[in-house]
Amino acid sequence: MKLVVTEKNDAAQKIADLLGASKPKADKVYSTPVYRFDLDGEEWVTIGLRGHILEPDFAPSLVYKKSKGWQGVTEEGEVLPAAIPATLPKPPFKKKKPFTVDGVELKAWKMEALPYLVYAPIEKLPKEKEIIRSLKNLAKKADSIVIATDFDREGELIGSDALSCIQEVNPDAPVSRARYSAFTKEEITNAFENLVELDTDLASAGASRQDIDLIWGAVLTRYLTLVKFAGYGNVRSSGRVQTPTLALIVARERERLAFVPEDYWVIKGAFGEVDDAFEAPHETARFKVESEAQAVMAHIEGKTKATVESIEKKKRTVAPPVPFNTTSLMAAASAEGLSPARTMRIAESLYMDGYISYPRVDNTVYPSSLDLAETVQRLVGNPAYAPYCRELLSKDKLTATRGKKETTDHPPIYPTNSATPDDLPAAEYKLYNLIARRFLATLSEAAVVEGTKVSLEVGGETFIGRGDVLVKQGFRAIYPYGLKKDEQMPALEQGQQIAFGGATCTKKQTEPPARYSQGKLIQEMERLGLGTKSTRHSIIERLYAVKYIMNDPIEPSQLGMAVCDALDKFAPHITHPEMTAELESEMDNIAAGSTSKETVVTNSRNLLADQLGELIPHSEEVKEALADAVAADAFIGKCPKCGKDLQLRASQKTRSMFIGCSGWPDCDVTYPVPKGKVESVEEPCPTCGMPQIKVTAFRSKPRIVCIDPTCETNHEPNVEVGECPTCKAQGKTAKLIAQKNPRTLKRFIRCENYEECNTGYPLPQYGKLTATDEVCEHCGAPMVIVTTNRGPWKLCPNFDCPGKEQDKDAKKGASAKKGAKKSTAKKK
DNA sequence: GCAAGGTC
């Protein structure tokens with residue numbers, strides 16, 4: 001039996017489809033799908049991994065031997081390459097026990113352990129145990145192995161890891177490597193007819209990246225976390241990609257902080273009458289000196305006529321966009337309000353459901369194997385695209401635009417099936433629509449815009465009016481994204497006298513450079529070689545998760561700035577994108593065989609040891625800087641009782657947020673905080689003068705709330721919502737009252753007879769509450785209406801209402817149906 | 001409790 005190992009299940013299936021003479025049989029080994037088929041009388045099996053199946057981590061235990069020059073030796077007797085440098089105290093010799101120095105176990109998160117952690121040996125541990133089990137099971141029966149992972153450095157490493165698992169159970173089977181860069185019959189057949197050897201140097205290059213990332217990431221993350229320990233769950237991370245990315249954001253913020261705005265004045269004139277009215281600015285777009293602007297205003301004072309001095313018309317073409325790769329998709333979706341991380345989550349799901357092609361690509365040129373006309377034909381299924389598709393199909397030949405990046409890994413992102421708004425949830429359709437329209441746009445003609453420039457003279461001063469009109473739609477007919485509105489100029493003639501309705505002079509200020517949007521940041525990361533198409537969005541998410549950055553456009557927190565400054569001062573290697581560039585070139589050397597993984601990793605360890613040597617003596621300074629930053633980020637306002645700072649804090653026990661006085665335990669002032677994301681607001685409450693906070697509940701617009709629960713602005717009258725069903729069943733009558741707990745601000749419904757009857761229901765915590773006359777048909781609780789910015793919502797407040805279960809079942813049924821539809825969509 | 005890189 002021949003065993004073919006691919007990087008993912010999808011690839012295993014496709015290769016089986018393309019190589020097998022007849023349809024391959026889908027099977028499972030344990031829970032892993034595999035594909036069996038016959039070829040030239042031999043039995044073949046393909047199995048897909050799940051990316052990396054092994055993961056490097058610090059070895060759980062080791063001993064250091066003096067006889068080996070203080071190099072680490074594992075329990076199995078393997079001598080490890082990294083030696084403890086002569087400058088560090090040597091650990092006591094302890095056999096088969098965790099490595100300790102002065103009683104400190106070096107696996108533990110301890111400041112004293114960090115210099116040793118730099119040199120700690122690394123092992124590869126299983127990550128996908130189920131897959132490894134299935135792989136080994138098949139490997140036992142295999143006569144030969146073909147590694148058919150992706151054709152890149154990480155693919156070589158993934159294949160090499162798979163091979164090490166295979167050889168544990170079957171060391172003798174011959175191994176070869178298939179290299180392909182597209183899933184076409186020709187390419188795959190060719191790859192399997194011309195098998196090569198696994199490139200172990202290339203795999204080592206990938207493995208050195210893994211080790212260096214782990215060592216630097218773990219050491220610096222532990223340093224930052226331990227230097228100012230703030231409780232479990234408060235990790236302050238650092239890494240080869242995330243820290244330079246943070247540095248970009250911080251540098252931009254510093255530019256903004258250093259920016260000195262300059263005043264300037266703008267003069268705008270009103271011309272024409274009624275329907276033909278338009279505005280035009282003075283030919284000097286910005287007056288830096290106010291008196292110059294006033295002189296112009298004086299010249300035109302009282303004038304009522306303007307003369308058309310000249311009219312210039314120029315046509316310019318706007319080229320259709322190039323095909324989407326991952327980066328350009330994320331940038332375009334970011335402009336439409338979908339974050340890169342969300343875009344990738346949605347794209348993955350659209351891909352799995354058969355609506356779009358593989359979403360992780362660098363390529364921006366459609367391969368010749370892609371049938372453009374057939375893809376357009378499929379999109380006819382959506383009535384919104386159908387007329388445009390037919391127009392495209394009526395052409396003799398379809399030509400597509402080409403981007404600058406041409407790789408052969410996958411085709412650029414294009415729609416593989418038609419979908420309508422009824423087929424998909426709103427956000428999914430939004431992204432699908434963008435991808436489908438982009439695809440059609442890449443096959444379209446250029447748009448033509450006619451620009452008009454009109455010179456107008458008033459009292460010896462010149463004004464310039466401009467208009468832009470789309471005269472030929474071209475690709476714009478199907479791709480309206482980023483389209484500017486037409487600015488039509490009325491028909492004018494040279495020498496014509498038109499009405500002048502006076503001018504305004506407005507004082508303005510120059511603006512600092514803009515903060516990065518997530519889309520722009522992704523593009524900048526790509527330009528600097530930071531991260532990959534598959535990881536950039538998650539790196540940004542990580543920076544949000546550790547609270548180094550906030551909002552979009554992205555702003556660094558005080559903590560983010562402090563971390564960046566501390567590292568830049570004492571460990572500058574990690575804050576610059578050059579670390580990645582240098583690593584890339586070292587990896588090229590490893591792949592070329594001119595250096596070894598051991599040399600590169602050891603050099604990197606020495607460099608990290610140097611930087612840690614700078615950080616540790618300055619721990620007090622770093623600690624203070626981080627502590628001040630954390631306090632500044634948490635600052636909400638001043639305590640009304642003791643005057644110290646009120647801070648947003650997390651309860652140790654429940655992790656829920658509250659506002660507490662920094663003078664605790666001397667001062668016990670606290671305030672509750674509503675659910676959702678909480679940010680500080682500068683302006684105090686206009687009613688009571690207490691600090692306010694901005695609260696953003698899940699999927700809602702932010703609202704500004706006074707922190708004082710007793711403030712009038714937080715007062716909500718009690719609302720009678722109906723009769724208590726429990727009391728009614730006992731022959732009594734009692735009202736149910738919706739009310740707010742004055743201390744916690746939690747809103748709930750309770751029976752007015754609560755001393756005897758404990759009937760109560762929870763309520764949504766925000767939105768206007770209104771009572772109805774209706775009673776829930778399932779449980780008899782009164783129905784209420786909650787009106788949020790998403791509109792009114794009628795609900796039964798009973799958490800245990802039997803109707804809720806039925807709702808859930810109905811939803812389950814709907815999604816099962818949808819699943820069935822999805823699988824048919826995929827078959828097509 | 002760390003990173004970044006694959007993929008789900």
Side-chain angles (χ1 to χ4, degrees), chain A residues 5-12 31-33 48-58 106-111 113-114 117-118 120 122 124 127-128 130-131 149-162 203 205-227 229-246 326 344-353 358-361 409-410 525 529-543 545-546 563 574 579-580 583-584 587 601 604 608:
Chain A
V5 182
T6 69
E7 194 156 317
K8 47 187 169 275
N9 177 46
D10 240 54
S31 59
T32 312
L49 307 176
R50 214 127 75 185
H52 295 99
I53 55 170
L54 302 182
E55 190 174 34
D57 202 355
F58 299 109
L106 292 192
K107 274 278 282 182
W109 287 49
K110 285 282 189 294
M111 204 53 120
L114 292 184
L117 193 68
V118 171
I122 289 172
K124 282 232 170 168
K127 186 181 173 216
E128 299 287 344
E130 241 339 268
I131 301 248
T149 45
D150 291 1
F151 185 11
D152 53 29
R153 187 174 59 222
E154 294 297 328
E156 212 71 14
L157 174 60
I158 290 164
S160 153
D161 286 349
S208 64
R209 179 205 57 72
Q210 281 188 322
D211 287 5
I212 289 171
D213 281 345
L214 173 64
I215 299 163
W216 280 77
V219 169
L220 294 176
T221 298
R222 290 185 190 188
Y223 174 83
L224 291 170
T225 305
L226 295 169
V227 76
F229 186 67
Y232 291 98
N234 274 320
V235 168
R236 318 207 185 287
S237 64
S238 174
R240 173 178 58 83
V241 178
Q242 62 168 267
T243 303
T245 304
L246 173 64
T326 306
M344 289 314 287
R345 268 196 298 278
I346 297 174
E348 182 67 30
S349 122
L350 287 173
Y351 165 63
M352 292 312 286
D353 294 347
Y358 190 70
R360 286 183 287 272
V361 283
D409 49 352
H410 294 277
M525 289 171 77
L530 292 172
T532 73
K533 57 187 182 291
S534 317
T535 58
R536 286 182 195 117
H537 63 276
S538 61
I539 298 278
I540 298 178
E541 264 204 330
R542 176 81 191 142
L543 293 176
V546 294
V563 163
I574 195 71
M579 178 172 175
T580 294
L583 177 63
E584 287 286 343
M587 283 194 292
V601 173
S604 188
L608 174 60

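Naming convention: chains lettered A, B, ... in sequence-line order (proteins, then strands); numbering from 1 in each chain.
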Judged by nearest nucleotide, the residue sitting upstream toward the 5' end of DNA chain B, A/Thr225 or A/Lys8, is A/Thr225
Q. If you look at every strand shown and take non-hydrogen atoms under 4.0 Å, does A/Gly206 touch a base, only sugar-phosphate, or nothing?
A. nothing
Exercise for the section: Would you tell me whether A/Arg360 and A/Thr326 have side-chain atoms, one donor and one acceptor, within less than 3.5 Å of each other? Expected result: no
| request: Using a 4.0 Å heavy-atom cut-off across all strands, classify A/Glu156 as base, sugar-phosphate, or nothing. | output: nothing
Answer yes or no: is there an ion pair linking A/Lys124 with A/Asp57, defined by an N-O contact shorter than 4.0 Å?
no
- Query: If you measure from the ring centre of A/Trp216 to the centre of the six-membered ring in the base of B/dA3, is it under 5.5 Å, with the planes under 30° apart?
  - Reply: no
Exercise for the section: Name the nucleic acid region contacted by A/Gly51, choosing base, sugar-phosphate or nothing; use a 4.0 angstrom heavy-atom cut-off, strictly under. Expected result: base
Closest to the 5' end of DNA chain B, once A/Pro244 and A/Leu226 are matched to their nearest nucleotides, is A/Leu226
Winner on side-chain proximity to A/Arg209, out of B/dA4, B/dT7, B/dG1, is B/dA4
Does a side chain donor of either A/Thr243 or A/Ser238 reach within less than 3.5 Å of an acceptor in the other side chain?
-> yes
Side-chain atoms of A/Arg542 come closest, of B/dC8, B/dG5, B/dA3, to B/dA3
query = Which part of the nucleic acid, if any, lies within contact of A/Thr535, taking any heavy atom under 4.0 Å across all strands shown: a base, the sugar-phosphate backbone alone, or nothing?
reply = base
Check: With a 3.5 Å cut-off and just heavy-atom distances, do the side chain of A/Glu154 and the base of B/dA4 make a donor-acceptor pair?
Finding: no
query = Are A/Thr32 and A/Glu130 linked by a side-chain donor-acceptor pair shorter than 3.5 Å?
reply = no
Checking B/dG5, B/dC2, B/dG1 against the side chain of A/Arg222 (C-beta onward), the nearest is B/dC2
note: A/Ile540, atom CD1; B/dG5, atom P; distance rounded to Å ~ 13 Å
- Message: Does A/Arg240 reach a base, just sugar-phosphate, or nothing at all? Heavy atoms under 4.0 Å.
- Response: sugar-phosphate
Side-chain atoms of A/Gln242 come closest, of B/dA3, B/dG5, B/dG1, to B/dA3
Base of B/dC8 paired with side chain of A/Glu128 (donor-acceptor, under 3.5 Å):
yes
From CD1 of A/Ile158 across to C1' of B/dC8 the rounded distance in Å is 14 Å
Would you say A/Tyr351 and A/Asp10 are linked by a side-chain donor-acceptor pair, where the criterion is simply a distance under 3.5 Å?
yes
Closest of B/dT7, B/dA3, B/dC2 to the A/Asp57 side chain is B/dC2
Out of B/dC2, B/dG6, B/dG1, minimum distance to the side chain of A/Glu7 belongs to B/dG6
Heavy atoms only, 4.0 Å cut-off, all strands: where does A/Ile539 land among base, sugar-phosphate and nothing? sugar-phosphate
Taking B/dG5, B/dG6, B/dG1 as options, the one with an atom nearest any side-chain atom of A/Tyr232 is B/dG1
Considering only heavy side-chain atoms of A/Glu348, the closest of B/dC2, B/dC8, B/dT7 is B/dC8
The nucleotide from B/dG6, B/dC2, B/dG5 with an atom nearest the side chain of A/Ser534 is B/dG6
To the nearest angstrom, the CD1-C1' distance between A/Ile346 and B/dC8 comes to 16 Å
From CD1 of A/Ile53 across to C1' of B/dG5 the rounded distance in Å is 14 Å
From CD of A/Glu541 across to C1' of B/dA4 the rounded distance in Å is 15 Å
Taking only side-chain nitrogens and oxygens of A/Tyr358, does any of them come within less than 4.0 Å of OP1 or OP2 of B/dT7?
-> yes
Give A/Tyr223 one of three labels, base, sugar-phosphate or nothing, depending on what nucleic acid heavy atoms sit under 4.0 Å from its own.
-> nothing
Q. Does a nitrogen or oxygen in the side chain of A/Ser538 sit under 4.0 Å from OP1 or OP2 of B/dA4?
A. no
In whole angstroms, the gap separating C1' of B/dA4 from CG of A/Leu157 amounts to 12 Å
Note: A/Arg345-A/Glu541 ion pair, threshold 4.0 Å (strictly below)
yes
Looking only at B/dA3, B/dG6, B/dC8, the nucleotide nearest the A/Thr532 side chain is B/dG6
Are side-chain N/O atoms of A/Thr225 and A/Trp109 paired as donor and acceptor at under 3.5 Å? no
Heavy atoms only, 4.0 Å cut-off, all strands: where does A/Lys533 land among base, sugar-phosphate and nothing?
nothing
